Amino acid sequence: MNLPEIDLDELRRRKERNFQERLKFIDFYVEWLKGQR
Amino acid sequence: MRISFDREKMVIERDTTSLDRFVQDFAALLQVHGVLYVIVSGYVSILFGRSRSSEDVDIIIEHLDRGRFLTLWNALHPRFECIITENADTAWGEYLLKGTAVRFSENGKAIPNVELSFPADPLDRWTLEHRKEVFLNRIPLHISPPELQIPFKLFLGSEKDIEDARHLYRTLKTSLDAELLRQFNRKLKVEGLFNKYLR
């Protein structure tokens with residue numbers, strides 16, 4: 001089975017971008033929760 | 001929970017949770033519309049019985065052109081809504097094509113949600129190509145191969161990720177392709193974490 005090329009530096013950058021996206025989602029979710037009250 | 005394996009598929013029998021039903025319903029729409037998909041990250045461990053919930057379920061789908069994406073968007077929308085944007089063209093052109101995921105939840109809910117993305121790199125494309133079929137209470141789902149999922153969780157490296165990796169490894173140990181697992185451990189440079197936490 002051929003394994004894919006893995007660029008670990010790029011993977012670390014993706015991990016950080018994903019983390020930033022999750023932080024933005026938390027902000028969205030908190031505002032959504034406030035709107036449910 | 002009962003799990004059985006053969007070379008082609010895995011079968012899980014356990015109580016179905018509301019999160020499982022959410023994932024099964026979303027995946028069924030992808031399947032019906034002929035969209036190749038693979039579930040990655042936390043839900044894979046949950047599927048195999050890990051005792052935690054999740055706010056989001058990561059799904060990689062094949063790259064769709066605008067027409068196919070609009071068809072999928074319209075098929076999803078009676079039940080699911082995109083919580084990032086109400087505009088399909090924005091979701092496709094400003095998010096997915098630029099490598100950012102879009103989130104879909106059931107109408108009127110924010111969680112749980114599916115974090116949907118196009119393949120971003122060769123690793124995503126490999127995962128999609130080599131996805132495994134799992135039947136949860138006879139309903140099919142496509143997941144990332146555990147031999148990649150376990151090292152990838154170790155690479156992510158939070159306590160939760162390491163626990164997910166350990167759960168998967170301990171649950172599926174006898175069915176894993178040990179050589180493939182070893183190669184991904186090496187490529188992701190997580191042999192040390194593997195030996196420390198999973199052995």
Side-chain angles (χ1 to χ4, degrees), chain A, chain B residues 40-42 54-56 58 60 81-85 95 98-103 105 108-117 119-130 144-145 147-148 151-158 160-161 177 179-190:
Chain A
M1 184 181 292
N2 288 331
L3 268 61
E5 289 301 315
I6 298 176
D7 181 339
L8 288 180
D9 289 335
E10 176 55 25
L11 216 51
R12 288 187 190 100
R13 286 191 287 273
R14 273 183 66 185
K15 179 179 161 187
E16 174 61 21
R17 284 198 299 272
N18 289 341
F19 178 58
Q20 294 299 327
E21 287 297 320
R22 286 203 303 279
L23 292 179
K24 280 202 288 190
F25 176 73
I26 287 171
D27 294 347
F28 163 85
Y29 184 57
V30 168
E31 291 305 312
W32 182 86
L33 280 175
K34 288 177 181 173
Q36 298 297 302
R37 288 176 188 161
Chain B
V40 300
S41 210
S54 181
E55 293 179 351
D56 48 33
D58 297 287
I60 301 168
E81 63 183 346
C82 182
I83 56 178
I84 303 295
T85 174
Y95 285 87
K98 293 183 178 176
T100 304
V102 290
R103 292 175 186 260
S105 66
K109 300 178 182 177
I111 58 170
N113 57 70
V114 165
E115 213 176 323
L116 198 70
S117 61
D121 58 23
L123 188 59
D124 283 353
R125 286 188 282 279
W126 187 94
T127 310
L128 194 59
E129 185 180 345
H130 296 277
S144 170
E147 293 86 354
L148 168 59
F152 192 76
K153 276 287 180 180
L154 293 175
F155 173 82
L156 292 177
S158 74
K160 181 186 73 176
D161 293 315
D177 179 335
E179 177 57 20
L180 185 59
L181 178 65
R182 189 190 66 75
Q183 289 186 53
F184 272 120
N185 277 337
R186 184 175 53 78
K187 274 187 167 277
L188 288 164
K189 298 192 187 304
V190 294

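Here the structure is a predicted model, which means the values were calculated and not measured. So you know, we letter chains A, B, ... as the sequences are listed, proteins then strands, and number each from 1.
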Below 4.5 Å from any heavy atom of chain A, which atoms of B/Asn113 appear? Answer side chain, backbone, both or neither. side chain
Evaluation steps, side-chain contact (heavy atoms from CB on, under 4.5 Å), between A/Glu5 and B/Leu123: CA-CA 7 Å; A/Glu5 289 301 315; B/Leu123 188 59; over 6 Å; no
Residue pair B/Thr100 / A/Arg17, side-chain heavy-atom distance below 4.5 Å: no
Please classify the contact of B/Leu148 with chain A as side chain, backbone, both or neither, using a heavy-atom distance under 4.5 Å. neither
Using non-hydrogen atoms only, which part of B/Glu129 is less than 4.5 Å away from chain A: side chain, backbone, both, or neither? neither
Would you call B/Leu180 and A/Leu3 a side-chain contact if the rule is heavy atoms closer than 4.5 Å? yes
Any B/Ile84 side-chain heavy atom under 4.5 Å of A/Phe25 side chain: no
Of B/Arg103, B/Gln183, B/Lys189, the largest count of non-hydrogen pairs under 4.5 angstrom with chain A goes to B/Arg103
Could you tell me whether the side chain of B/Lys187 and the main chain of A/Pro4 form a donor-acceptor pair under 3.5 Å? yes
With a 4.5 angstrom heavy-atom cut-off, could you sort out which part of B/Asp124 is near chain A: side chain, backbone, both or neither? side chain
Begin from the C-alpha positions of A/Trp32 and B/Ile111 and carry the test side-chain contact (heavy atoms from CB on, under 4.5 Å) through to its verdict. CA-CA 10 Å; A/Trp32 182 86; B/Ile111 58 170; 5.9 Å; no
Report the distance from atom OG of B/Ser158 to atom NZ of A/Lys15, rounding to the nearest 0.5 Å. 8.0 Å
Within a radius of less than 6.0 Å around CZ of A/Phe19, do more than 12 heavy atoms belonging to other residues, nucleotides or ligands occur? no
Tell me whether B/Asp121 is salt-bridged to A/Arg14, with the criterion being a basic N under 4.0 Å from an acidic carboxylate O. yes
Pick one of side chain, backbone, both or neither for A/Asn2, based on which atoms fall under 4.5 Å of a heavy atom in chain B. backbone
